[in-house]
Each structure stands twice: as structure tokens, then as C-alpha cells.
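Read the structure below first, then the notes.
For reference, positions follow the sequence shown, starting with 1.
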Amino acid sequence: MKTQGEIEAAICDGISRFEQEYMGRGPKDIHAHLLNDLLVVRLHGVLTAAEQHLVKSLPSETGRDLMKQVRRQLIETARPLLEALVQKVMGAQILGLHHDISTVTGEELVVFTLAKPPSVRESGKR
């Protein structure tokens, strides 16, 4: 059994690898937060150069909407990979995946809803 910190670190490693291999760029910063039956992954600095140019070159709403649509489709296509990664680390069934990205800040949020909170062992730190 892993500690909550070990689970969160393993999730960060796996999601970072996924972003690098699947999206072409890893995040500058990533944090995972396990909150009962929710896993929140917050990534910073994930926009590719192409996405940044797309957002800047088109009218603001058009560029933003197009970039978000492409990201949403990529995440939906890769959903089985992401769910398998999280399920392997967490040992809990994934019920849902929610995603959004900001074209202004370059921040991305991925939220996984779990069938039940995973079992964790105490870290021993006090």
C-alpha cells in the first residue's frame, strides 16, 4: 500500500510522461491532489508553440475555441490510456474524467472521479 504522497507523485510522473509522448510537450510544473474520491491534476506550461501561435493569430474567441476543441478531442481519444494509468496507480475504478485548459495562463486541469477513495497508508510524518 502506498502513501497519499507516493500516489500523487506516481500520478504526476505518469501524466508528465503522457503529456510529453502524446501531446509533444511536458508540463513545466505539475501537482496532483487526492481528495477522497477525486484526483485533481494541475499542470502549468503545457501549451505547445503551435497552440500559442494559433491562439495569437486568430480572433481571440476563435483561436481559443479552436485550440480547446483540439485539446478536448485529443484527451477524449487518449482517455483509455489516462484512465488505465490512473487506475493502475490508484487501484480504484475511474468513473469520470473532466478536463479544461486556459489559453491565457497555460494552466490545464484534469479531474478524475473515482468509484471509491483509494486505500492509503499513513506516511509516518507528524
Side-chain angles (χ1 to χ4, degrees):
M1 191 180 318
K2 299 176 187 171
T3 66
Q4 181 171 333
E6 290 169 339
I7 290 171
E8 292 169 345
I11 292 293
C12 288
D13 290 344
I15 299 285
S16 287
R17 249 188 333 278
F18 164 81
E19 287 280 331
Q20 181 68 42
E21 294 168 6
Y22 199 84
M23 300 296 196
R25 174 190 176 127
K28 290 183 180 176
D29 191 34
I30 182 171
H31 295 280
H33 307 279
L34 180 57
L35 309 164
N36 294 319
D37 63 346
L38 286 179
L39 173 66
V40 179
V41 183
R42 185 176 181 191
L43 305 97
H44 294 276
V46 295
L47 293 178
T48 65
E51 289 170 330
Q52 291 173 17
H53 288 298
L54 177 69
V55 170
K56 289 178 186 174
S57 67
L58 296 172
S60 64
E61 285 185 20
T62 304
R64 180 197 67 216
D65 292 347
L66 185 57
M67 195 278 300
K68 283 186 172 217
Q69 182 181 3
V70 169
R71 276 281 177 144
R72 189 171 29 256
Q73 186 60 47
L74 286 168
I75 293 295
E76 280 303 315
T77 301
R79 186 180 186 138
L81 296 171
L82 287 168
E83 288 181 351
L85 181 154
V86 171
Q87 192 163 351
K88 181 179 179 183
V89 172
M90 306 288 281
Q93 180 185 358
I94 309 304
L95 297 179
L97 184 156
H98 310 278
H99 170 266
D100 199 11
I101 188 166
S102 170
T103 58
V104 175
T105 63
E107 178 182 62
E108 182 175 24
L109 290 176
V110 184
V111 179
F112 297 89
T113 53
L114 312 171
K116 62 178 183 170
S119 298
V120 297
R121 91 176 142 77
E122 291 296 318
S123 67
K125 293 182 182 178
R126 298 258 177 212

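- Taken from CD1 in I94 to CG in L82, the straight-line distance is 10.0 Å, to the nearest 0.5 Å.
- One hydrophobic cluster, built from ILVMFWY side chains closer than 4.5 Å, cannot hold both V40 and L114; they sit in different ones.
- Under a 4.0 Å N-O distance rule, the pair R71/E19 qualifies as a salt bridge.
- None of R25, E51, E108 except one satisfies the side-chain contact (heavy atoms from CB on, under 4.5 Å) rule with V46; the exception is E108.
- Tracing side-chain contacts under 4.5 Å through hydrophobic residues (I, L, V, M, F, W, Y), one never reaches V111 starting from L97; they form parts of separate clusters.
- The one candidate from I15, I101, L109 that meets the side-chain contact (heavy atoms from CB on, under 4.5 Å) condition with L43 is I15.
- Rounding to the nearest 0.5 angstrom, the gap separating the OG atom in S119 from the CE atom in M90 is 10.5 Å.
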Enumerate donor-acceptor pairs with a distance under 3.5 Å from any side-chain N or O in residues 29-36 to protein atoms, sequence neighbours excluded.
residue	atom	partner	partner atom	Å
D29	OD2	H31	NE2	3.3

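- A continuous path of hydrophobic side-chain contacts links Y22 to V110 [ILVMFWY only; heavy atoms under 4.5 Å].
- Formation of a donor-acceptor pair under 3.5 Å by the R64 side chain with backbone atoms of V104 is not found in this model.
- Residues Q73 and Q69 bring no donor and acceptor atom of their side chains to less than 3.5 Å of each other.
- For the pair L85/F112, no side-chain contact is recorded, criterion being any heavy-atom separation below 4.5 Å from C-beta on.
- With values rounded to the nearest 0.5 angstrom, L47 atom CG is found 10.5 Å from L54 atom CG.
- The CD1 atom of I11 sits 11.0 Å away from the OG atom of S16 when rounded to the nearest 0.5 Å.
- A distance of 9.0 Å separates NE2 in H99 from CZ in R72, rounded to the nearest 0.5 Å.
- Linking Ile, Leu, Val, Met, Phe, Trp and Tyr residues whenever their side-chain heavy atoms come within less than 4.5 Å leaves L38 and L95 in two separate clusters.
- With a 4.5 Å cut-off on side-chain heavy atoms, M23 and L74 count as touching.
- Heavy-atom minimum distance, K2 versus I7: CB-CG1, 3.8 Å.
- Crowding of R17 atom CZ: a count of heavy atoms from other residues, nucleotides or ligands under 6.0 Å not exceeding 12.
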